Amino acid sequence: MKRKEITIQATGGAGDGSLATGALIARAFVRLGYYILIHDTFPAEIRGFGKSISEVRISTRDVAAKSDASDVLIGLNNLFAIEQIPDLSERGIIIFDSKPGITVKDMESIPNHAGNLMRCYGVPLEYEAQKATGKKLGKNVVAVGFLSKLLDFPPAEMIEILKELFARKGEEVLNNNIALFMSGYEYEDIEYKKIELEPPPHAGEKYTITSGNDAMSTGAINAGLAFFAGYPITPASKIMENLALKLPKYGGVLLQTEDEIAAIGAVLGAFYTGKRAMTATSGPGLSLMTEIINLGVMTETPMVIINAMRGGPSTGLPTKVEQADLNLALYGGHGDSPRVVLAPATIGECYSIIQDALDVAEKYQTPVIVLSDKMLGMSYVAVPSDTLEEKRASTRLAYAGRPQDYMRYLVTPDGVSPWVIPGEEGISYTATGLGHDEMGAPNYDIEVNRELAEKRFRKFDAMLADLPPPEFFGDEDAPNLLLTWGSTFGSVLEAVERLTEQGYRLRLAKVKTIYPQHEDIMEEALSRAEKIIIPEQNQFGQFARFIKGHYGVSAEEVHLPSGEPVRPGDAEKMIKGRLDS
Amino acid sequence: MSRVKRKDEILVSLARVRKKKLVEKHGRLRPIFCGGCGHFAALHAIYHAMSELDIKSHELVIVSGIGCSGRMPGFVKCYGLHGVHGRALPVATGVKLANPSLQVMVVGGDGDGLGIGGGHLPHAARSNVDMTYLLLDNAVYGLTKGQVAPTTPYGDKTSTTPYGNPSRPLDPVALSLVHGATFISRGFSGYPDDLNDMVARGMKHRGFSMIHIYSPCVTFNKNETYERYYEISEKLPDGRDLTNMNEALGFALSREKTYLGIFYQQEGPTLEENMLRVIENQGTFNDGRITASLKEKKVTGAKKKAT
């Protein structure tokens, strides 16, 4: 029977090339026209202990989550591969380095650890690599060669990919890689059984591999980003690295500052001066930025902050996944300091949501926090190449009246004041974090400040028209409503599909705009549900508590496992538990 | 000199800063400073420089932190950003990089710039952002009513050091010198004419200009007064080579006297010029020495109008 999808995992120690193996396999299948999702797991340290794992899910349909188990395990280091065997499906396949001439101890022998129904293909990866190029390096490409034979992958296609990757590194490197690949592809000394996949869903169409971090960088540039300031932090750094290369080509400036406080300060200064500006950080960095985010609220200066969430409080788990910065994003600030909080749920959405963020920040003159995470930021999927090409224009409300009448904080029905930027002739004003009147002059009168505070909140009603509403999936009249946000959406959606097949009646809402809320739509959906279930990847039930408090409804919290991206099976099990209770 | 004569001298000096025309032209809100506050002289030096260099109100952005000095942008007819404590330098860097044709000034106190915001001074200096930094030093936390500051002399009694300041003071001039600021000077509100001249020169300078100003707090600092600054200060000798870093450091670190005047001045590529250079070279990698080619080709947009 042909498979609808297959998951391949490459595991090895530092320097074995596990992540490169995953990337190479994914590239090959995207070229053929399949959907993919790559998720890499790696230690937070550069070298030393720990294993690197690259997991590639290849599917005939668009997927936004890891699969429950791997079907093929490529072991580039036998001990690490043995640790990964529990991740493998019952009838999984293991490709490992058989090391001819070396006797392997029982405890290090892969076949001794494999399950009864698993198949183990011992290929002398390092030996073949040395035979092909004279060097021990490159056993991962040999493994890809052998895998291609198992999967019936056309070698000509792979040679094209190797050319794309290595041509600029010189002929010798390219030829070596081709030789490595072919030695694996032509390895004949073992018996094997081919794996058959259903035909690709979009053969011949042009698809690009992108991560959430890549999509956000491209999206921001296409939305007219002119200034980026940041401080390196996993898993957000790649955004700054991407922009450092690209932004100057579009006339923009990138500044790596001395700390996160300086980064958000520079973003505030640049947006105050009229340039679309943003920063990207992760939990600890967002903590440091909160004071100046508040200044943005009070001075009504736009700013965009991408927060790629990681695990744990404090330094926590820098390379792990969690959805636990929602409280900080929503409430991290003194006084009443409303700000927009958005969360993309898939890697593809990262592109458009950063554009919405920049538009809304500028139009409504407010800070916007975009909550991404390590799963979205650092995993890869295939998206149609032409989806990444949209340009956006300035949304600033300009001033057209007489210069002497200008008031920076004019109280208007929708709360948005005309905005003049420094350098415009005939006008000047002071933006201040102090309580101020419509002119911007410091003012501690309670009535004046109440009026200005109301104005700042009023903007949030007006901007809903420009923010993505919740999307619904499943049975519209179902008694059970699930709410999700962020990267757990992919797994929860698959869980909902499976549970629906089992006869449960479920409706799923994907909430991208967390604050302000599309209250009409949400209230209608919530009022129709008999049971509300909110699964998310944190221990506090941060989103669930927000929804419960905001709408005064009761809802069941489901705390999905933290650290690694949620597998659909785990989500299914935990949601089912709530449905049956 | 007798104490009486000193007081006369102060009154004469302060009277000189009340130039009504300048206030009418460049002033906005009425200053909130106490009568006799050193900040008045700094404020008038800004008015004076705007007038002298013909800077229009829409061409100048003043960024400030918190404290008495932080209120300065509100008193000047220009674009202003009164922000949070200690972060004016990075905010101003963002302003300058977003629009290099603006004149950017930062005004802050000793606590703002050397205490909470102390981490930003080295970086603004080393990257040589083209802006003027007025550090108004009264050696005390004035707006919070008299606590010890990073520049309070050793042993001084304040409300939080009732038994004497146990730490030694920071010296912003020496700090700026070693961090690579390209214009470094020290003024005193008691010599307003010199201060006017100094601020104008600082604003004319292309690069990071650090102007340290002794600005006595007449309400909360009974130790560091006008009288004391008259006594301990001395003007730097005339005709010095302003590019001599070692000599400048010698004057800055001198224990006998506190020197007033311009310590150091050297032209060099600024951050925004380097950034514009990167934009001009987009698509091609320069060899990392972005500044070398600057000498051959002038970068537009970062030039000062007055030379």
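The shown structure was predicted, so the numbers you read here are calculated from the model rather than taken from an experiment. Residue numbers begin at 1 in each chain, while the letters A, B, ... track the order of the sequences.
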When you look at [atom1] of [X], are more than 12 heavy atoms from neighbouring residues, nucleotides or ligands closer to it than 6.0 Å?
| X | atom1 | value |
| --- | --- | --- |
| A:Met439 | CE | no |
| A:Asp336 | CG | no |
| A:Glu425 | CD | no |
| A:Tyr231 | OH | no |

Check [X] against [Y] and note the closest heavy-atom contact, atom names and distance.
| X | Y | value |
| --- | --- | --- |
| A:Lys275 | B:Ala98 | NZ-O, 2.5 Å |
| B:Leu81 | A:Thr299 | CD1-CG2, 4.4 Å |
| A:Thr430 | B:Gly74 | OG1-CA, 3.7 Å |
| B:Leu29 | A:Ala441 | CD1-CB, 4.0 Å |
| A:Gly426 | B:His58 | N-ND1, 4.1 Å |
| B:Met275 | A:Leu254 | CE-O, 3.3 Å |

Counting only heavy atoms closer than 4.5 Å, note whether [X] contacts chain B via side chain, backbone, both or neither.
| X | answer |
| --- | --- |
| A:Ile421 | backbone |
| A:Ala226 | neither |
| A:Asn294 | neither |
| A:Leu247 | neither |

field: Contacting region of B:Val61 [heavy-atom separation from chain A under 4.5 Å]
entry: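 Interface part for B:Val61: side chain.
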Report which part of B:Leu271 has an atom under 4.5 Å of a heavy atom belonging to chain A: side chain, backbone, both, or neither.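 Contact with chain A: side chain only.
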Ranked by heavy-atom pairs below 4.5 Å to chain A, first place among B:Val84, B:Ile32, B:Leu89 goes to B:Val84
Most contact-rich option vs chain A, by heavy-atom pairs under 4.5 angstrom, among B:Thr93, B:Ile62, B:Leu97, B:Val104, is B:Leu97
OG1 (A:Thr273) and NZ (B:Lys96) are apart, to the nearest 0.5 Å, by 10.5 Å
In this structure, NE2 of B:His82 is separated from CG of A:Leu434 (nearest 0.5 Å) by 5.0 Å
With B:Tyr79 as partner, the option from A:Tyr406, A:Tyr429, A:Tyr272 fulfilling ring-ring contact (aromatic ring centres under 6.0 Å, His included) is A:Tyr429
Highest number of heavy-atom pairs under 4.5 Å with chain B among A:Pro422, A:Gly252, A:Gly433 belongs to A:Pro422
Chain B shares the most heavy-atom pairs under 4.5 Å, among A:Gly423, A:Ser428, A:Gly269, with A:Ser428
